[in-house]
Amino acid sequence: MDFKDIARFALALTICTEWVADTALADTATARTKGEPNITGVWERYPSAFPEGVTAFDDIPPPGNGPDLKEPYASQWKAQEAKRQAALDAGTPLVDASTRCLPEGMPTIMQAIYPIQILQTPGQITVLAELFMQTRRVYIDQPFPAPDDLAPSYYGFSSAHWHGDTLVVKTRGIRKDVQFFEIPHSDAMTIAEHYRLIKPNRLRVDISIEDPVYLNTPYRFTYEYKRNDKYRISEYVCDHRLDVINSDGTVSLGVK
C-alpha cells in the first residue's frame, strides 16, 4: 500500500467515524424525545389573563388566594398593595418594572399577558414572550450550578426532566428585585413547575413557589393555556418615551 492509498484509507476512516458519531447523536436525541408530549407552539392564557372588566395589567390580582407570607412581610405586602391600588384609583400609578422597561423575569413571564411561544428541542425548552421580546431557557437533565456559581438573574437557572408525560421544572437564582406581584423573596426561593397537556391543544402548568425565609407555606397556583398556531408573535419593543417618573414614585404621561 503506497502513501496515496494510506491517505485515502485514513480519509475514509475519518468520514466513517464522523458519520457513526453523528448518527449516534441523532439516535440519542430521538430516543430522548420519543414519547414526550409535544408542547411546541404559541400559547395564550385560557381563560384570558384579564378578568372580565379589567383592562390594565396592574389591576390583575395575584393568582389564587395570594401568598402565605410570614410577618412582618405579610402586613408590609398588604400595605404596598393598598398603596398601589390607591395610586391607580387616583390616576397616578406607581412606578414598576414595566415602567422601567425591565424584563418580567420568573415566574411573571409565565403569566402570559400576551402570548408566549414554547420551542421544544433536544436538551432544551425555550420560552419566548411577546411582551418585551423576552427569552427564557430551560435545560433538560442538567444539574444546577454550585451556589457560588449561580449568579442571580431575571429568569434564574431552570433545570427540567420528563416524568412520564409531565415536564418537571425547577428554577433557582432569581434576583431579589425581580418580584411576582411585589412579593418579596430570598436567595433560597425555588420555583417548581409541572407542565402537562390536558388536551391536544390545552396546556396546564402547576406552579409552586417555596421560600423558607418569607413564606409559611408554598404559594401554589395553576395557569392554563390554549394553543393558537395561527397567531404570530409580534415585535414588542418597550418604549415609554412619554412616561414621566415623578420624584414621589408615581408615573404620569408627559406631553411633547
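Starting from 1, each residue takes its place in the sequence as its number.
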Start with the C-alpha distance between Phe132 and Ser98, add both sets of side-chain angles, then the distance that settles side chain to side chain contact (heavy atoms under 4.5 Å, CB included), and finish with yes or no.
-> CA-CA 9 Å; Phe132 302 166; Ser98 175; 3.8 Å; yes
Thr222 and Glu224: side chain to side chain donor-acceptor pair (under 3.5 Å), yes or no, with the steps?
-> CA-CA 7 Å; Thr222 297; Glu224 289 191 10; over 6 Å; no
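Aromatic ring pairs are classed by plane angle as parallel below 30°, tilted from 30° to 60° and perpendicular above 60°; the pair Phe221 and Phe180 is parallel.
With salt bridges taken as basic N to acidic carboxylate O contacts below 4.0 Å, one links Arg136 and Glu193. Ionic pairing of Arg84 and Glu182 is present here: one or more N-O contacts between side-chain nitrogen and carboxylate oxygen are shorter than 4.0 angstrom.
Between the Tyr219 side chain and the Pro63 main chain, a donor and an acceptor come within less than 3.5 Å of each other. Side-chain atoms of Arg196 do not come within 3.5 Å of backbone N or O of Leu203 as any donor-acceptor pair. A distance-only check finds a donor-acceptor pair linking the side chain of Arg227 to the backbone of Thr40 [under 3.5 Å].
Other members of the cluster containing Tyr139 are Phe144, Leu150, Phe157, with ILVMFWY side chains joined at under 4.5 Å, either directly or via other members.
Between Tyr73 and Tyr214, the ring center distance clears the sub-6.0 Å criterion.
Gln134 and Tyr155 share a donor-acceptor pair across their side chains, judged by distance under 3.5 Å alone.
Closest non-hydrogen pair, Pro218 versus Ser208, comes out as CB-OG, 3.6 Å.
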